[in-house]
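What's counted below: heavy atoms across the whole structure, side chains too, no hydrogens, waters or symmetry copies.
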Amino acid sequence: MPQDEKLAGVSGRAGDFVPASAVAEFCERIGASDKTPKKLARGVSGVQVETLSMALLALEMREKLRELGDVTTHGAWLGLARQ
C-alpha cells in the first residue's frame, strides 16, 4: 500500500472505513488523542512536531521524516532562518 494511502486510510479521506480500534491503536502508538489523525491529514498547524514525527514513523514514512528534519530544504526551517 502506498504511503499516501496509509495516511488517507487513517483520516478517512479516501472513503475507507477505519475501525475505532485501529484509530485507537494508532493514537496510542504515537502518543496522541483520537482527534490527531484528522488534524494530521488536514495539516492543522497546532500539531506538535513530535506528534507528526511519531505518526510518520508509525506509518513507515521515514523518508518524509528525513525531509521534515532537513534544515536546508524544508520551508518551515527556511522561514525561521530568514527571521
Side-chain angles (χ1 to χ4, degrees):
M1 173 183 302
Q3 302 303 337
D4 292 339
E5 285 182 21
K6 288 184 181 182
L7 183 58
V10 170
S11 71
R13 286 190 300 170
D16 297 337
F17 173 75
V18 180
S21 60
V23 173
E25 180 185 340
F26 176 75
C27 292
E28 184 177 326
R29 289 177 64 194
I30 67 171
S33 75
D34 60 342
K35 293 174 178 56
T36 301
K38 287 187 180 184
K39 289 180 180 179
L40 288 168
R42 290 192 326 253
V44 173
S45 62
V47 177
Q48 294 180 352
V49 173
E50 294 87 353
T51 303
L52 175 58
S53 299
M54 291 301 294
L56 292 173
L57 285 173
L59 294 170
E60 298 180 5
M61 297 176 76
R62 288 172 180 80
E63 182 61 26
K64 293 290 185 190
L65 181 59
R66 187 193 65 72
E67 291 173 13
L68 178 66
D70 187 353
V71 298
T72 62
T73 60
H74 195 274
W77 297 114
L78 293 173
L80 289 172
R82 287 187 202 120
Q83 292 182 353

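- Every side chain to side chain contact (heavy atoms under 4.5 Å, CB included) that E50 has, sequence neighbours left out, goes to Q48.
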Which pairs of donor and acceptor atoms, one on a side chain in residues 22-33, lie under 3.5 Å apart (sequence neighbours left out)?
unit_1	atom_1	unit_2	atom_2	d
S33	OG	K35	N	3.3
S33	OG	T36	OG1	3.3

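- L52 contributes atom CG, which lies 9.5 Å from atom CE of M61 (distance to the nearest 0.5 angstrom).
- With a 4.5 Å cut-off on side-chain heavy atoms, R62 and L57 count as touching.
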